[in-house]
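Data block below; observations after.
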Amino acid sequence: MKKLYVFILFVCACAIGFHAHAQAVITFDKTTIDLGSFTPEKPVSCTFEFTNTGDKPLVIHQAFSSCGCTVPQYPKDPIQPGQRGILKVTYDGKGKFPGPFTKPISVRSNASNNLVRVYIKGNMTGNK
């Protein structure tokens with residue numbers, strides 16, 4: 001009887017282990033993009049490209065920044081294994097102090113690395 005319990009425990013552990021290995025993984029090409037120098041007259045945008053390097057569909061639940069001046073847009077549909085996606089980020093410096101800045105964008109998903117941060121940086125010059 002003891003051997004039966006050990007065998008059942010072993011089978012359950014293997015089943016859980018095999019299931020845990022199948023997961024999405026989000027891999028960004030770059031984690032920081034430098035926007036360079038610009039004036040606050042019009043917003044500037046950039047794109048972060050990423051790949052689902054896992055073996056299950058990747059679903060991004062949310063992408064958010066530390067303030068309202070930085071707005072991320074992300075794909076709402078699942079990204080299949082091996083497929084690529086784009087995270088577009090727009091920075092609007094109107095009403096902000098000029099000078100250098102770095103802004104984090106947090107991406108939450110169903111991936112094994114379920115919280116990833118990417119960054120934009122730049123130098124907003126004063127009005128000319």
Side-chain angles (χ1 to χ4, degrees):
M1 190 65 148
K2 184 176 180 182
K3 288 182 183 180
L4 179 63
Y5 287 130
V6 171
F7 177 73
I8 291 172
L9 182 63
F10 175 75
V11 170
C12 289
C14 288
I16 291 170
F18 288 134
H19 180 66
H21 291 289
Q23 240 180 331
V25 178
I26 188 168
T27 305
F28 281 91
D29 294 350
K30 294 180 181 179
T31 56
T32 302
I33 293 181
D34 190 343
L35 301 173
S37 292
F38 58 91
T39 60
E41 278 86 37
K42 67 178 197 175
V44 292
S45 297
C46 64
T47 57
F48 289 91
E49 294 184 30
F50 62 89
T51 305
N52 177 2
T53 56
D55 51 7
K56 290 286 184 185
L58 170 69
V59 178
I60 297 177
H61 299 302
Q62 68 180 158
F64 56 94
S65 65
S66 59
C67 71
C69 60
T70 307
V71 179
Q73 296 174 317
Y74 59 93
K76 305 297 190 240
D77 295 329
I79 308 295
Q80 298 302 316
Q83 287 187 336
R84 298 178 60 77
I86 292 177
L87 171 71
K88 181 180 178 182
V89 178
T90 302
Y91 178 80
D92 188 355
K94 288 181 184 166
K96 303 293 179 194
F97 289 107
F101 67 88
T102 300
K103 299 286 183 182
I105 297 94
S106 301
V107 180
R108 290 191 186 275
S109 70
N110 69 330
S112 60
N113 52 338
N114 60 10
L115 177 63
V116 178
R117 286 192 180 89
V118 293
Y119 301 88
I120 59 168
K121 65 181 187 175
N123 183 27
M124 190 172 67
T125 58
N127 291 333
K128 302 227 183 240

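Side chains included, hydrogens not; waters and symmetry mates left out as well; all remaining heavy atoms used. Throughout, residue positions are numbered sequentially from 1 according to the sequence presented. The structure displayed is predicted, hence computed values, not measured ones.
Taking the side chain to side chain donor-acceptor pair (under 3.5 Å) definition, one finds that Thr47 meets it with nothing, sequence neighbours left out. A search for side chain to side chain donor-acceptor pair (under 3.5 Å) contacts involving Arg84 returns Asp29, Glu49, Thr51, not counting sequence neighbours. Residues satisfying the ring-ring contact (aromatic ring centres under 6.0 Å, His included) test with Phe28, not counting sequence neighbours, are Phe50. Scored by the side chain to side chain donor-acceptor pair (under 3.5 Å) test, Thr27 finds Thr53 as partners (sequence neighbours excluded). A search for side chain to side chain donor-acceptor pair (under 3.5 Å) contacts involving Thr90 returns Ser45, not counting sequence neighbours.
Between Pro78 and Leu58 there is no side-chain heavy-atom pair separated by less than 4.5 Å. In this structure the side chain of Cys69 reaches within 4.5 angstrom of the side chain of Tyr91, judged on heavy atoms. Residues Thr31 and Phe48 have side chains not in contact (no heavy-atom distance under 4.5 Å, counting atoms from C-beta outward). The shortest side-chain heavy-atom distance between His61 and Asn110 falls under the 4.5 Å cut-off. Residues Val89 and Val71 are not in side-chain contact: their nearest non-hydrogen atoms beyond the backbone lie 4.5 Å or more apart.
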Could you walk me through whether Ser109 and Val59 satisfy the side-chain contact (heavy atoms from CB on, under 4.5 Å) test, starting with their C-alpha distance in whole Å, then the side-chain angles of each, then the deciding distance to 0.1 Å, before giving a yes or no? CA-CA 6 Å; Ser109 70; Val59 178; over 6 Å; no
What do the steps show when you test Val118 against Thr32 for side-chain contact (heavy atoms from CB on, under 4.5 Å), and what is the final call? CA-CA 6 Å; Val118 293; Thr32 302; over 6 Å; no
side-chain contact (heavy atoms from CB on, under 4.5 Å) between Leu35 and Lys121, intermediate numbers included: CA-CA 6 Å; Leu35 301 173; Lys121 65 181 187 175; over 6 Å; no
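Within a 6.0 Å radius of NZ in Lys76, other residues, nucleotides and ligands contribute more than 12 heavy atoms.
In terms of hydrophobic clustering, with Ile, Leu, Val, Met, Phe, Trp and Tyr side chains grouped at heavy-atom distances under 4.5 Å, Val44 and Met124 are assigned to a common cluster. Connection of Val25 to Tyr74 is not established within any shared hydrophobic cluster, with ILVMFWY side chains joined at heavy-atom distances below 4.5 Å, either directly or through further cluster members.
Nearest heavy atoms, Gln80 versus Pro57: OE1-CG, 3.6 Å. Nearest heavy atoms, Ala22 versus Asp55: CA-OD1, 3.2 Å. The shortest non-hydrogen separation linking Gly54 to Pro81 is O-CB, 3.3 Å. Of all non-hydrogen atoms in Pro72 and Ala63, the two that sit nearest each other are CG-O, 3.4 Å. Smallest separation of non-hydrogen atoms from Leu115 and Arg108: CD1-CG, 3.8 Å. Across every non-hydrogen atom of Ile26 and Asn113, the tightest pair is O-ND2, 2.8 Å.
For residues 94-107, the pairs satisfying side-chain hydrogen bond (donor to acceptor under 3.5 Å, both in side chains) are Ser106-Arg117, with sequence neighbours left out.
Atoms CD and CG, from Glu41 and Asp92 in turn, are 11.0 Å apart once rounded to the nearest 0.5 Å. Atom NZ of Lys56 sits about 13.5 Å away from atom OG of Ser112, to the nearest 0.5 Å.
Although no hydrogens or angles enter the test, the distance criterion places a donor-acceptor pair under 3.5 Å between the side chain of Asn52 and the main chain of Ile79.
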